[in-house]
Amino acid sequence: MIETEGAGRTFKVRGTVVHAVRELSFRVEAGEFVGCLGPNGAGKSTTIKMLTGILTPTAGRVSVAGLDPSRQRTALARRIGVVFGQRTTLWWDLPLKDSFELIRLLYKVDRKVFRERLDELCALLDMGKFLATPVRQLSLGQRMRGDITAALLHAPDVLVLDEPTIGLDVVSKAGVRDFLRRVNAEHGTTVLLTTHDLGDVERLCRRVLLIDHGSLAFDGTVADLRAMVPGETSIEDVVAHLYLNSPGSPRTPPDRRPADDPPSVTA
Amino acid sequence: MIRIYVLLAWTWTRAAAQYPVSFALMTAGGFVVSGLDAAVIWVIFANTTSLAGFGLPEVLFLYGVSGLAFAISDLLFSNVDRVSQHIRAGTFDVFLIRPVSSFVQVAVDRFTPHRIGRTLQGAAVLGVALSRLDVPLARAWMIPVMVACGIVIFTAVFALGGAAQILLTDAPEVANAFTYGGAMLTQYPLSVYGESVVRGVTFILPLAFVNWQPGLYVLGREDPLGLPYWVRFLSPAAALALALAAALAWRAGIRRYRSTGS
Amino acid sequence: MAGAFTNTVFGVMRAYVLIALWRSRPGLGGYDLADAVTFCFLSQAFIGPMQVFGGGLDLPQRIRSGDIALDLVRPASLQLWTLSEDLGRAAYLFLARSVPPTIAGALLFGIVAPAHPLACAASLVLGVVVSFGWRYLVALASCWVLDDRGLNTLSLVLTTFFSGLMLPLAIFPGWLGTLARALPWAAMVQVPADVYLGTADLAEAFAFQALWAAVLLGLGALATSAARRKVVIQGG
């Protein structure tokens, strides 16, 4: 369902060429639930953007649902749903339900099918109370639920989420996690989730990709991840260890020590 | 694509229609503000009967065509010159995950229906000019062609400006000088300007084909630059060429798009 | 920088139009061709400092957010204090946005040198004060008027047309010309430009600008106390 082969993306920053992503190769089959970890600046967002067609790779090949994201962007858009943790995909000034209606029109979803799906999602995510509220007045938790709904209204094959639980309180987080598990289990939707929250990873992901310095540092199950650093019991410490000691990478500069980017569970 | 544009534009229009008084005032305001340029022409002709060889009705005709074409382009597509705001805010990324052309989405975002005031002003002046001129029916067919090509040309300039903003994230926003500047330039007969300017807007940025060249045909006038007669019919070709260039530039912009850090 | 470029482009275009007009009517309005071209670039140069298209004040923003209440309770005069800020901004814009188009105009067309440089500088400052007086009143009006966009549009229309930015007021026909030359906006572009070109009687020019500055600032003071009553005492 998702496949990258030697994918790379460079940026020119003040004259020097920076490799945000380099020689990235992995495969995700349909129906998998994959978590994507990595320190800040590792290239996770860049990878997500290449998978969703926002950025064009400068090297290698990317394929999602059999399509080339940058060349077949609009065709792919109908098959994937994207949730950004740090910005909304909804229309800021309009009531939530108007956003959903616009999405129905943009994605050309059949009215009856749309109605059923919206009702189902609203029930699962408990959104009835604030459907008429303008998006700008929603709380973060409400907005996130709105964004997730918006991403699923057209029944995509793949759901990509970029830090969806960031800033959410414990209850909201649990709600979102529960929901994502159901979507993957009941509808077979392939889910790719980037996160700093290892609780997300432990509870949801059967498979973990760790991206560091633009390359794949680890690809396996959560159990395999723990086994990488024997002797550490908490997954946070395992991951922290891996961030600090990734092979073949330049020495982490002082301002990126673990104190600054803790892979922790707290919001 | 058109369907999506109309759909989204209608959503914004409905929102604006909730404040009808404000909407009416803003429309009237747009009419008056754009009418100032016509007032300038009126003052000029209160002092002379001919400007660079053209009389008042002829100048009003050129002004009206350019004004109408620009106003329609402005109404429908000028939001494209705010791409850099979308890029900075991250909303451009959101456009890219939708199954709709990014250009259409940027153009229709915050569609401002009261810009129609400007369109009405252009149409009014054109109407006045045509009533004072005596354009034979055999040549009048060119007028709607002029307006249509003018819309395409101005839209292409907006698109080029937008593409530049995508490609050069720190570019100073000089596109205004070309879009609104271009609109102002074409308000007057090109015989007003120096030869280098006229060559520039004929061969480099084909603004001369918005109203000047085809206008020479409609008005039955000689070309001061001495270009061949058939050049007057090149508006559709110029519009197409510029539109193509704009489309390629936009595509190139998307391909090289860098997004924000997160 | 983008602003300076745009001013230059518009200056060049307007210059051509004025040249065409003066070619068919030499000596129009008491200006010769070189004067007319210079006038054109001067008016473009004044856009920045005089904020001919409006703006330049934080006031409307502070009124919308309600911070204006804090300003109004201070013992210092809101108007004078805002004026000093505006003068500072004008000085900066003079260097950043006025100088480039003027140089461009000089290189492309040739402009005349100022007749009385010092008088010109003084007239410029007075022009900024008059411009401020007007903009201050418009800004303060949004304490009473909910949607200030209509007011801003009206101000834009009056200022751009009657300041002389688009055409020298000297060529406005008949009663329109007489009216235009008497209105305050003339003090923003027309009068300083005439002082520069030497086509104005200096005493008259300064008196005109000073008079309007006084009137507008006086009205501004009245408006400020009215605003103080409304916002602070009544909690509006």
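Within every chain, numbering begins at 1; the chains are lettered A, B, ... in the order of the sequence lines, protein sequences first and strands thereafter. Worth knowing before you read on, the calculation uses all heavy atoms, side chains too, and leaves out hydrogens, waters and symmetry mates.
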Item to complete: In sequence, state the C-alpha distance, the side-chain angles, and the governing distance for B/Val192 and C/Met13, and then conclude on side chain to side chain contact (heavy atoms under 4.5 Å, CB included).
Response: CA-CA 9 Å; B/Val192 159; C/Met13 288 194 300; over 6 Å; no
Quick check on [X] against chain C: is it the side chain, the backbone, both or neither that has a heavy atom closer than 4.5 Å?
| X | value |
| --- | --- |
| B/Tyr188 | side chain |
| B/Ile44 | both |
| B/Phe178 | side chain |

Part of [X] within contact of chain B (heavy atom distance under 4.5 Å):
| X | answer |
| --- | --- |
| C/Val17 | both |
| C/Leu176 | side chain |
| C/Phe172 | both |
| C/Thr8 | neither |

Worksheet entry | Winner by heavy-atom pair count (cut-off under 4.5 Å) against chain C, out of B/Val32, B/Val40, B/Asn47 |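 Of the candidates given, the most pairs with chain C belong to B/Asn47.
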How many angstroms lie between atom [atom1] of [X] and atom [atom2] of [Y], to the nearest 0.5 angstrom?
| X | Y | atom1 | atom2 | answer |
| --- | --- | --- | --- | --- |
| B/Thr48 | C/Trp22 | OG1 | CH2 | 11.0 Å |
| C/Leu151 | B/Leu25 | CG | CG | 11.0 Å |
| B/Leu51 | C/Arg25 | CG | CZ | 12.5 Å |
| C/Tyr16 | B/Leu185 | OH | CG | 10.0 Å |

Fill in: Greater than 12 external heavy atoms within 6.0 Å of C/Phe94's CZ
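Not buried by this count: 12 neighbours or fewer within 6.0 Å.
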Worksheet item: How close do B/Val43 and C/Ile171 get, heavy atom to heavy atom, and via which atoms?
Response: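 In this case the closest contact between B/Val43 and C/Ile171 is CG1-O, 3.8 Å.
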Practice prompt. Work out which heavy atom in B/Ser22 is nearest to a heavy atom in C/Arg149; give both atom names and the distance.
Written response: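 Shortest heavy-atom separation between B/Ser22 and C/Arg149 comes out as OG-NH2, 2.9 Å.
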Worksheet item: Taking C/Ile19, C/Leu18, C/Leu21, C/Thr153 one by one, which has the highest count of heavy-atom pairs under 4.5 Å against chain B?
Response: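 Most heavy-atom pairs under 4.5 Å with chain B: C/Leu21.
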